[in-house]
Amino acid sequence: MNDVLSPSSSTPAAPNAKAAHIRPPSRAHIMAVTSGKGGVGKTFVSANLAAALTRHGLRVLVLDADLGLANLDVVLNLYPKVTLHDVFTGRATLQDAVVVAPGGFHVLLAGSGMVEYSRLTPEVRNQLIHVIDTLAPNYDVVLLDTGAGISDVVLFSVSLANEVLIVATPEPTSLTDAYAAIKVLATQQKRHNMRLVINQAARPGDGRAITGQLQQVLNRFVHSESGLPMRLIHMGDIPADKAVREAVMRRQLLIQASPGCAASLAIAQLANRIKTMVTPVQQA
């Protein structure tokens, strides 16, 4: 593990995303769900976590911030008539684009294959800020399902959140990329705390051990401006479970298709932990 992650000097430099600012808290608790590499189940976690939080009575919005390579619609088996692309181009309003997903939460879906959103332009920056500022007051929780990696679009999307949840698997490539993303977010956005969930864990306790190993490397190589190390908070493990693949292939939420399976119970526990961080907004 330590051999995989060190030395830190080999971590690639991030693009100049100008994303060092973190927006002040809005009425909603905004959490970016991100990852160092693709294929680790980030969108799966976002969707099922949203459904689990909704069961607690929270008003939840998932914003598909993976601009250009969106797949939240596929995971949820939705066929949107209006997407974020239509909002950005003025062909539709935000209210038209927000739809109810299976599980009772709201989603704002992005169009896929939109190459113009693959880089951060002033227009994309302003549009994303406008979307968050307009919609966040209507929800208790906003989950930003970002793209993977450390592109400027991903980093800016994460900068709009109050909290960051990193999704990783136990594979060495996933952990190496997760460390790179954590390091960039800590240095560029001055974050002192980030949260980690390990997906596809083989054994109970794997995620806590992995978090501890990552923390040791962060203690050595990543420090805040105050000189204190960045704190990585273990939020839980989602075990490898054949029910996950079956639900994904059927384009169903796992916690609806197999509510009693081990992975569903782990997601419910993750939702319980996040719920304690959220103060529900009283509706007018």
Side-chain angles (χ1 to χ4, degrees), residues 14-15 17-36 40-50 52-53 58-67 70 72 84 94 98 105-110 117 120 124-168 178 180-197 224 230-235 270-271 273-281:
K18 298 181 181 179
H21 72 287
I22 301 174
R23 296 175 59 75
S26 63
R27 290 179 66 186
H29 190 90
I30 303 175
M31 174 173 281
V33 184
T34 192
S35 63
V40 298
K42 172 178 52 60
T43 298
F44 160 80
V45 170
S46 296
N48 282 277
L49 176 59
L53 289 170
L58 297 173
R59 291 171 295 158
V60 181
L61 170 72
V62 181
L63 193 159
D64 195 345
D66 190 358
L67 304 180
L72 182 61
L84 199 56
L94 272 174
V98 175
F105 57 94
H106 288 178
V107 294
L108 178 55
L109 300 169
Y117 301 133
L120 187 66
V124 170
R125 287 168 57 95
N126 293 337
Q127 292 278 15
L128 284 172
I129 291 171
H130 172 71
V131 168
I132 295 295
D133 288 348
T134 302
L135 294 179
N138 302 319
Y139 297 93
D140 300 310
V141 180
V142 174
L143 298 178
L144 305 180
D145 182 28
T146 80
I150 53 174
S151 71
D152 52 2
V153 175
V154 172
L155 292 177
F156 183 74
S157 299
V158 173
S159 78
L160 301 175
N162 312 121
E163 294 272 0
V164 179
L165 179 66
I166 305 282
V167 180
I182 292 166
K183 180 179 178 181
V184 170
L185 291 171
T187 55
Q188 280 201 5
Q189 300 187 6
K190 315 304 179 190
R191 292 187 182 271
H192 301 284
N193 299 290
M194 274 178 266
R195 300 175 188 274
L196 179 70
V197 62
S224 65
M230 207 288 304
R231 180 178 175 228
L232 192 59
I233 303 167
H234 176 246
M235 295 295 288
L270 175 63
R273 294 187 179 100
I274 292 176
K275 177 179 177 290
T276 64
M277 302 157 48
V278 178
T279 302
V281 177

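Taking both residues in full, the closest heavy atoms of Ala181 and Ile150 are given as CA-CG2, 3.8 Å, listed atom of the first, atom of the second, then distance. When all heavy atoms are compared, the tightest approach of Val62 to Ala50 is CG2-CB, 3.4 Å. Of all non-hydrogen atoms in Glu163 and His29, the two that sit nearest each other are CG-NE2, 3.2 Å. Residues Leu143 and Ser46 come closest through the heavy atom pair CD1-O, 3.6 Å. Here the closest heavy-atom approach between residue Val40 and residue Val167 is recorded as CG2-O, 3.6 Å. Between Met31 and Ile274, the shortest heavy-atom contact is SD-CD1, 3.9 Å.
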Audit row: Asn193, Arg195, side-chain contact (heavy atoms from CB on, under 4.5 Å) steps and yes/no: CA-CA 7 Å; Asn193 299 290; Arg195 300 175 188 274; 5.9 Å; no

Test log, rule side-chain contact (heavy atoms from CB on, under 4.5 Å), inputs Ile166 and Thr34: CA-CA 5 Å; Ile166 305 282; Thr34 192; 3.6 Å; yes

Trace of the side-chain contact (heavy atoms from CB on, under 4.5 Å) decision for Leu94 with Leu108: CA-CA 8 Å; Leu94 272 174; Leu108 178 55; 3.9 Å; yes

Pair Asp66-Thr43, side-chain contact (heavy atoms from CB on, under 4.5 Å): steps then yes or no: CA-CA 10 Å; Asp66 190 358; Thr43 298; 5.8 Å; no

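With rounding to the nearest 0.5 Å, the separation of CG in Asn48 from CG in Leu270 is 10.5 Å. If you take CG on Asp140 and CG on Leu61, they are separated by 11.5 Å, rounding to the nearest 0.5 Å. If you take CG on Leu49 and CZ on Arg273, they are separated by 11.5 Å, rounding to the nearest 0.5 Å. Leu144 contributes atom CG, which lies 4.5 Å from atom CD1 of Ile132 (distance to the nearest 0.5 angstrom). Note that CZ of Phe156 is 4.0 Å distant from CD1 of Ile129, once rounded to the nearest 0.5 Å. Separation of atoms CG (Leu232) and NE2 (His234) is listed at 9.5 Å; rounding is to 0.5 Å.
Counting heavy atoms from C-beta outward, His106 and Leu135 have side chains that stay 4.5 Å or more apart. Within the 4.5 Å cutoff, no side-chain heavy atoms of Leu53 are placed close to those of Val278. Between Tyr139 and Val141 the shortest side-chain heavy-atom distance does not fall below 4.5 Å. Between Leu67 and Leu84 the shortest side-chain heavy-atom distance falls below 4.5 Å.
A distance-only check finds no donor-acceptor pair linking the side chain of Lys42 to the backbone of Gly147 [under 3.5 Å]. Between the side chain of Gln189 and the backbone N or O of Leu155 there is at least one donor-acceptor pair closer than 3.5 Å. Side-chain atoms of Arg59 come within 3.5 Å of backbone N or O of Asn138 as a donor-acceptor pair. No side-chain donor-acceptor contact under 3.5 Å links Asp145 to the backbone of Asp64. Thr134 contributes no side-chain N or O that, together with a main-chain N or O of Val131, makes up a donor-acceptor pair within less than 3.5 Å.
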